[in-house]
Amino acid sequence: MSIPPAASCRRAGAGRYKRVRIMGLQSTLFQFFLPPQCPCCEKFSEEGEQGFCSNCLSQIRWIEPPFCSICGIPFISQEVKTHPCGACVTHTRYFTMARALGAFEGSLQEAIHRWKYEGKTYLTSFFAEWIAEGLNRYWKPGSLDLLIPVPLHPLRLRERGFNQALLLVKDLSHRTGIPYRKKILQKRKPTIPQVNLGGVEREKGVRGTFYVADKEELRGTSVLLVDDVYTTGATVNECSKVLLGGGAERVDVLTLAHALRSS
Amino acid sequence: MSGPFRLPLIPIFIVYTLGIYVGHFDFPLLPQGWMFLLILLCVWALSLVTRRARMGTWTAFSIFFLLGIFSIQLYLRPPHSSSHISHFTGLDRISLEGIIDRPPEYSRGRTQLLIRSQKVILSNRHFPADGLLLIFLKEEERSPRVGDRLRLSCRLYPPRGFHNPAGFSYERHLALERIYTVGFLSEKKGWVKLGEGFKNPVILRVERWRDRIRDFLDRETNPPASSIFKALVLGEQGEIPEEIKERFIVTGTAHLLAISGDQFGIVAFLSFSLLIWILKRSEFLLLSIPVRKWAAGLTIPCIILYAFIAGGGISVVRSAIMVITFLVSILLNRERNLLHTLTLAAFLILLFSPPSLFDVSFQLSFLAVLSILYLVPRILQEFRQEGISALVRISWKKNIVRYIALSLLVTAVAIIGTAPFVALQFNRFAPIGFFTNLFIVPWVGFLIVPLSLSASIFSFVFTPLATFLINVNSFVTMMLLRVLAFFSSLPFASLFVSTPTPFEIILFYLLLFLSVHVKKRKAARYLFWGICIVSALDLAFWNLKDSFQKDLKLSFIDVGQGDSILIEFPQGKRMLVDGGGLYDDRFDTGKNVIAPFLWNKKIRRIHTLVLTHPDPDHLKGLNFIASEFSIGQFWDNGSRTESESYLQLRGTLNEKKIRIQSLNEETLPQTINGVEISVLNPPMRRVTQKRTHNPRDVNNASLVMKLRFKNVSVLLTGDIGKEAEERMLRRDYPLRSDIIKIPHHGSGTSSSALFLERVKPTYAILSVGERNIGRLPHPEALKRYRQLGVTLYRTDVQGAITVVTDGEAIQIKTFSNAGNRD
């Protein structure tokens, strides 16, 4: 497990999203007419503050090692080394490693809900900035060939108006330069929303609902599957299985948040 | 204050608005004011450079305050160029050339043309002219169109409304539209078209579209439905019959007729929903573009198109700005704080058009949205149990209940939030609106508006479909009118209320603001109850005020041509003598002048209503007063006529079971709260049976009353002429009075020298309208007063005249100081 130096982490956020910071009349007017707010709690930003306010940021529990080397779930004890967790030993995991940025709780959970269910898609760029940082931390540059979002069934897509995983992937691809494919992996059957289901039901529910539309492009690639929340891993596991079956050489998973089983 | 109030926009907006409000009061502003503003700007720049935050803030506040004052003063005291059309007023007939600036407006058989003047021809000499003027045509003239160049032969005047304390100011109303001159054609066909197309080609093109839509609506639908469609699509309200309008007003749904914020909100919502639905059909689009933003972006051109079709008037542009601001905030990812966006919209509107602050439709739209955005989430917080509602799938039954509860709440909050301003502007409160708005808003908003708009659009491309849609719409609209007729006929659907004072309005909004904070904060609770007590004291003050009044007060209300005198007796009893009235039916002085005057004094009850004689200029205004106010008794002179308004008045009095007493000289003097009232005319003849129609006899039979309060007496003379004057002289009545209301608006055949010598008034009050048909007052009559050294007051020059006496001294106040030379 190699972690790239901190410098490249910082670089991830640079680029077009710094434009807002340009001093001068434009930003003053913007500040005056449409002042920035915390995208999570909607408080108006303090002077010099940008994005999430310090209160919301402080509520986010970032996932740091030690964690499971496969599914990425953090261990409670700080003493142990990184190793596969019990669940990953007993279950078949088709992906090589899954990583998440933060714990799915507190303000991060709140923000993800607003983003997904209330259609506040402006949150994407904040999430993408973090997730790009994670990508640089856990994967060597050049080790990934394709970014693939977990697809939504067209019906669900129509209902929601966007695929949150795709929004993340697009932004991520823009920041990292890794190409993305939105149509390779598709969903065949609609599943009932996973939110209120337990692990076993989830696994059963997603079985056979995904398929690969274009095997040619997938052949021999190292794929990063991106989703918003890793709950039991049922969805990403099924996707990984299908992707491997479709010719991918290796599938990794990166999510914004990891739902901790205890909470 | 927390949240958005920390941000610079909101305090700056408040300061700027305050500036506009302060600036609309008539106060002299130094010409050096602009210099002062310049200096402040320099100070501000300096504070920015030296980074003195506090200094910068305060100078920014002062700058925007002054800016507000100046921006409104530009309208009220405009720096006219020497060739401005307002310099040509008061002349005899002139020839004028100009271009029609906006679509002609029609109401009750009259046409109003807004003309941008170009030149004036005066005795064969041409003078360049500029500025707007409003021309009135006495008939419905359908041919003039925007961009036409006309030559008109007309007389120009400065506009003149009714000059009563706190009354509607027609002059100011027009000045805020930059109109300072009105004109009347000197003959029936006093205009010729010289050419057309003198206007921006885009506007002309849109005007031709509007003409086509208007033709389509006229062709395919019948009134009254067609008039509603024209109001909703083209923004032309003038053709809606008065009784239909009244149905909307009484049911509290009149806001749907005017093209204002809610109309645009509905159209924006509909096109946004439609666009998002269309875009969502394509999976490709869903995956490649943010459909919500695209829908918001595509809604903007729809809104602009609708604004053009709706005539592009100022209230239309204003509503479009409001809606577009919200849409742009979605595009820029700043949709989070709607309250802040609303302020931004209002600020942009007031920068664009400062007079909007005084426009009812702006005030009501802004207040409705403000109260919904501020109060509804805070009220919902009180009831919220579940965390994130979107996660929980609830049954459709629960969903419907929730939807209805939410609409009920939103409606109620909007009505309550706008109630003080509705009362201020219309003196109405419609309790039934809480109920009717629940289904009439969707009925109009989601049925009639989209149907009329889509029919209008299809009329350009596929007429059969358009015809079908508009016919369905006619049916839907007629159903609506029937439903409204039912609801408006209910008792207590709508009430007339007294005008709230600014203090009361502030109290009301403070209570409303505090009511949602009472549960959480202790300070709010104390403040809330404190304000409740102050409100109760305010109520008590207005109720007890009368009983402590010691003076006799007479107000000669400016009703144009006609008489209307409010007498307030000591310890609070009130008598209204005559109600003014125009000879045609365009304007109801009772409803529009006298009632607001009374409501403004918080008068709801008239103890004695008096009609001196049943001529229209004394009678007509009483109808509204008799039916909408509480009346104790009715006095008249015993004359009867067959005129429609007279029969209507008798009908109202009978219906309300009000005692009618016909007075004559034999009637014994009565004393009301220390004021003795004696009747000197008409004589004890059986006038009732004579049924005279000779106008002179009608006038001579006027009720003449003499009021005596301690040492001061007032003679109210109605419209008597020489004959009645001589008769009273013959009967040797004690005519001597300190104040006389000049008989018959100063006609030459009354105020005879002998009569005046016997009355020997110190003050004379003339109630007369400017440019009246009878060309009153007669100069000879006025001369007779002047020769006796009487101080003369006239309502046509000085507006309302108020006489206050404690029985010894007499104080006379006039609405304006103009012409106190007499």
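Chain identifiers are assigned alphabetically (A, B, ...) following the order of the sequence lines, protein sequences preceding nucleic acid strands; residue numbering begins at 1 within each chain.
Proximity to chain A (any heavy atom under 4.5 Å) is shown, for Thr343(B), by neither the backbone nor the side chain. Interface remark: Leu157(A) contributes backbone and side-chain atoms alike to the contact with chain B (heavy atom separation under 4.5 Å). For chain A, the nearby part of Ile12(B) is the side chain; its heavy atoms alone come within less than 4.5 Å. Only the side chain of Leu344(B) comes within less than 4.5 Å of a heavy atom in chain A; its backbone stays farther off.
In this structure, Arg292(B) fails the cation-pi test against Trp294(B), since its NZ or CZ atom is not both closer than 6.0 Å to the six-membered ring centre and inside 45 degrees of the ring normal.
The contact list for residues 37-45 of chain B toward chain A, using heavy atoms and a distance under 4.5 Å, is empty. Taking non-hydrogen atoms and a 4.5 Å limit, the residue list of residues 181-189 of chain A in contact with chain B, ordered by number, reads Lys182(A), Lys183(A).
Not a single salt bridge (Lys or Arg N to Asp or Glu O under 4.0 Å) links Arg158(A) to another residue, sequence neighbours left out. Residues that satisfy the salt bridge (Lys or Arg N to Asp or Glu O under 4.0 Å) test with Asp252(A), not counting sequence neighbours, are Arg250(A).
Salt-bridge check for Glu105(A) with Arg61(A): passed, with a basic side-chain N closer than 4.0 Å to an acidic carboxylate O.
Within 6.0 Å of CH2 on Trp62(A) lie more than 12 heavy atoms contributed by other residues, nucleotides or ligands. Within 6.0 Å of atom CZ in Phe446(B), more than 12 heavy atoms from other residues, nucleotides or ligands are found, so the atom counts as buried in its surroundings.
Ring geometry, Phe366(B) versus Phe13(B): the interplanar angle falls from 30° to 60°, so the pair is classed tilted. Relative ring orientation between Phe104(A) and His113(A) is described as perpendicular, the plane-to-plane angle rising above 60° on a 0-90° scale split at 30° and 60°.
Of the N and O atoms on the side chains of Ser356(B) and Ser353(B), at least one donor lies less than 3.5 Å from an acceptor on the other residue. Looking only at atom types and distance, the side chain of Trp115(A) has no donor-acceptor partner in the side chain of Thr121(A) under 3.5 Å away.
Pairing each heavy atom of Asp214(A) with each of Glu217(A), the nearest pair is OD2-OE1, 3.3 Å.
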